[in-house]
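In what follows, a single structure is set out as structure tokens and then discussed.
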Number of protein chains: 2
Amino acid sequence: MKLYSKYTRYLVAVDCIIFGYDILEKEIKLLLIKRSFDPGKGKWSLAGGFVDENESLDDAASRILRKLTGLESVYMKQSYAYGETNRDPGDRVISVSYFALIAIRDINRELTQQNEAHWRSIARLPDLIFDHSAMVKKALTDLQGQVKIRPVGFELLPEKLTLVQLQALYEAIYQREIDKRNFRKKILSMGILEKLDEKEKETSKKGAYYYKFDKDKYDKLKQSGFYFNLDVN
Amino acid sequence: MKLYSKYTRYLVAVDCIIFGYDILEKEIKLLLIKRSFDPGKGKWSLAGGFVDENESLDDAASRILRKLTGLESVYMKQSYAYGETNRDPGDRVISVSYFALIAIRDINRELTQQNEAHWRSIARLPDLIFDHSAMVKKALTDLQGQVKIRPVGFELLPEKLTLVQLQALYEAIYQREIDKRNFRKKILSMGILEKLDEKEKETSKKGAYYYKFDKDKYDKLKQSGFYFNLDVN
DNA sequence: AATTTAAATGTAAGGTTTACACTTAAAATT
DNA sequence: AATTTTAAGTGTAAACCTTACATTTAAATT
């Protein structure tokens with residue numbers, strides 16, 4: 001079945017920009033790896049790997065994420081294909097980047113330790129190998145675009161969340177402040193949050209009510225023409 | 001320099017979704033090819049090709065477009081990387097799609113004829129090989145997103161254009177009608193169109209004034225924080 | 001001179017976005 | 001028990017943007 005024999009073949013990799021949110025420090029973090037092999041041994045890099053024969057690009061991205069975090073069925077999205085001839089000095093490698101959104105507390109810490117993976121704030125990232133810094137920059141722009149038009153920010157938070165936490169998350173993603181009353185008005189007016197009879201009491205005396213993202217309601221609204229939009233000031 | 005010797009290599013292709021606008025029929029068209037080789041010989045396909053050793057993905061896309069149309073320095077943008085294991089029955093091929101915007105009258109007709117390329121309206125596309133129909137669908141969504149936030153619609157029109165033509169283009173891209181007065185108000189209020197002292201007289205007795213996209217002005221505005229936005233009703 | 005055709009134009013109502021400051025709940029302190 | 005402290009929670013008015021909508025104008029044709 002090899003019909004295109006005269007053409008050159010290349011290594012194809014997938015690199016994962018794994019976003020987490022640190023609810024205490026109010027910072028978006030990336031899961032980065034101290035590289036254990038050359039080229040770039042000892043340097044910081046994204047989690048990546050070569051595509052196997054029996055898997056699609058999406059499958060490869062899921063496998064890489066699972067191996068590092070233990071997580072299955074996480075929100076993932078392809079970001080961009082990088083194909084400069086010299087982007088990896090080891091060989092010609094075409095790399096497709098994916099970004100993933102995960103709740104930091106869900107990950108398997110044994111696995112991350114084993115792989116020398118560490119959470120680093122996007123506000124002060126180390127230099128990354130190859131074109132990985134460009135991949136991160138692009139993925140962050142993608143993320144900003146996504147959280148505006150889809151309720152994917154919830155992927156980065158625990159199931160029970162306060163509006164204070166949700167706003168802080170958006171502020172961390174956009175890296176600017178948001179007006180509290182306007183933010184609440186907008187998100188609540190969508191009718192996709194369920195208010196719980198329980199308060200988060202760690203961070204204040206008064207306590208903040210927990211809410212839960214109501215996926216069923218969101219799906220129904222979407223079907224009837226509703227578009228999530230959090231255009232935030 | 002081959003440091004990753006144990007991994008499988010794959011063919012990497014680029015497929016181009018070449019959008020043109022038929023100003024008379026008021027339709028977005030795609031430049032499609034009757035495939036001259038197997039698999040899929042005789043079927044319709046996008047213009048595509050394998051990535052050469054000495055070229056990036058972007059370079060490959062430019063080369064493919066140039067070979068088919070004779071055009072250089074055309075608006076092109078990566079759309080998506082397709083990597084299902086069985087997407088091409090001939091072999092495992094990872095394909096990165098690009099979309100291009102060109103003014104139909106600019107192309108070299110000899111080249112397109114030679115390559116069995118034909119313009120087909122997106123409103124009634126034939127079946128395409130492999131996953132090319134999915135590529136088109138995604139690229140059209142990308143295009144709709146782009147023309148809303150960037151002045152790239154002009155790439156599909158002659159340098160001198162009327163507001164009637166520009167509106168018809170947007171209607172063709174969005175596949176719905178737009179209010180004339182609101183459309184004009186919005187596009188003119190951006191201050192990026194220069195009104196010429198000349199009328200287009202083919203399509204009406206009164207004639208419609210020609211305008212020209214003023215790239216310098218747009219670049220200056222953009223630098224001072226302006227964002228193109230044609231949110232059209 | 002009258003008719004035909006498509007281009008060009010303005011406004012008011014409705015809706016959304018923005019800016020902004022005080023009250024409340026509950027724990028901690030006196 | 002009263003007071004203080006801290007962060008959560010709340011509403012409104014002005015400015016701005018979006019939408020809906022119908023008549024006039026220019027020029028060719030009859």
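Lettering follows sequence order; numbering is per chain, from 1.
Nearest-nucleotide positions on DNA chain D place A/T203 closer to the 5' end than the other of B/K186 and A/T203. Between B/A208 and A/V232, it is B/A208 whose nearest contact on DNA chain C lies nearer the 5' terminus.
Atom NZ in A/K180 sits about 17 Å away from atom C1' in C/dT18, given to the nearest Å. Counting to the nearest Å, the P atom of C/dA8 and the CG atom of B/N182 are 16 Å from each other. In this structure, CZ of A/F183 is placed 12 Å from P of D/dG9, rounded to the nearest angstrom. Counting to the nearest Å, the P atom of D/dT19 and the CZ atom of B/R184 are 18 Å from each other. Atom CG in A/D179 sits roughly 13 Å away from atom C1' in D/dT12 (whole-Å rounding). Regarding A/L163, its CG atom lies at a distance of 12 Å from the C1' atom of D/dT10, rounded to whole Å. Taking atom CG of B/D231 as the reference point, atom C1' of C/dG15 lies 14 Å away to the nearest angstrom. Taking atom CG of A/L230 as the reference point, atom P of C/dT16 lies 14 Å away to the nearest angstrom.
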Which atom pairs, one a donor and one an acceptor, fall under 3.5 Å between side chains of residues 163-171 of chain A and the rest of the protein, sequence neighbours left out?
from   : atom 1 : to     : atom 2 : distance (Å)
A/Q165 : OE1    : A/T162 : N      : 3.0
A/Q167 : NE2    : A/E171 : OE2    : 3.2
A/Q167 : NE2    : A/I178 : O      : 2.8
A/Y170 : OH     : A/V147 : O      : 2.7
A/E171 : OE2    : A/I178 : N      : 2.8

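Aromatic pair B/H118/B/W44: ring centres closer than 6.0 Å.
Shown here is A/Y209, whose OH atom has no more than 12 heavy atoms of other residues, nucleotides or ligands within 6.0 Å.
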**Request:** Quick one, give me the B/S/- string for nucleotides 23-30 of chain C, reading 5' to 3', where B means a protein heavy atom under 4.0 Å from the base and S means that only happens at the primed atoms, P, OP1 or OP2.
**Result:** -BBBB---

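The residues A/D59 and A/R63 are annotated as not salt-bridged, no charged nitrogen and carboxylate oxygen being separated by less than 4.0 angstrom. Under a 4.0 Å N-O distance rule, the pair A/E27/A/R124 qualifies as a salt bridge.
Under 3.5 Å, the side chain of A/R181 and the base of C/dA21 form at least one donor-acceptor pair of N or O atoms. Evaluation of atom-type donor-acceptor distances gives no pair under 3.5 Å for the side chain of A/K185 against the base of C/dT17.
A 4.5 Å side-chain heavy-atom check between A/K67 and A/L111 finds every atom pair outside the cut-off. Within the 4.5 Å cutoff, the side chain of B/Q146 has heavy atoms near those of the B/F99 side chain.
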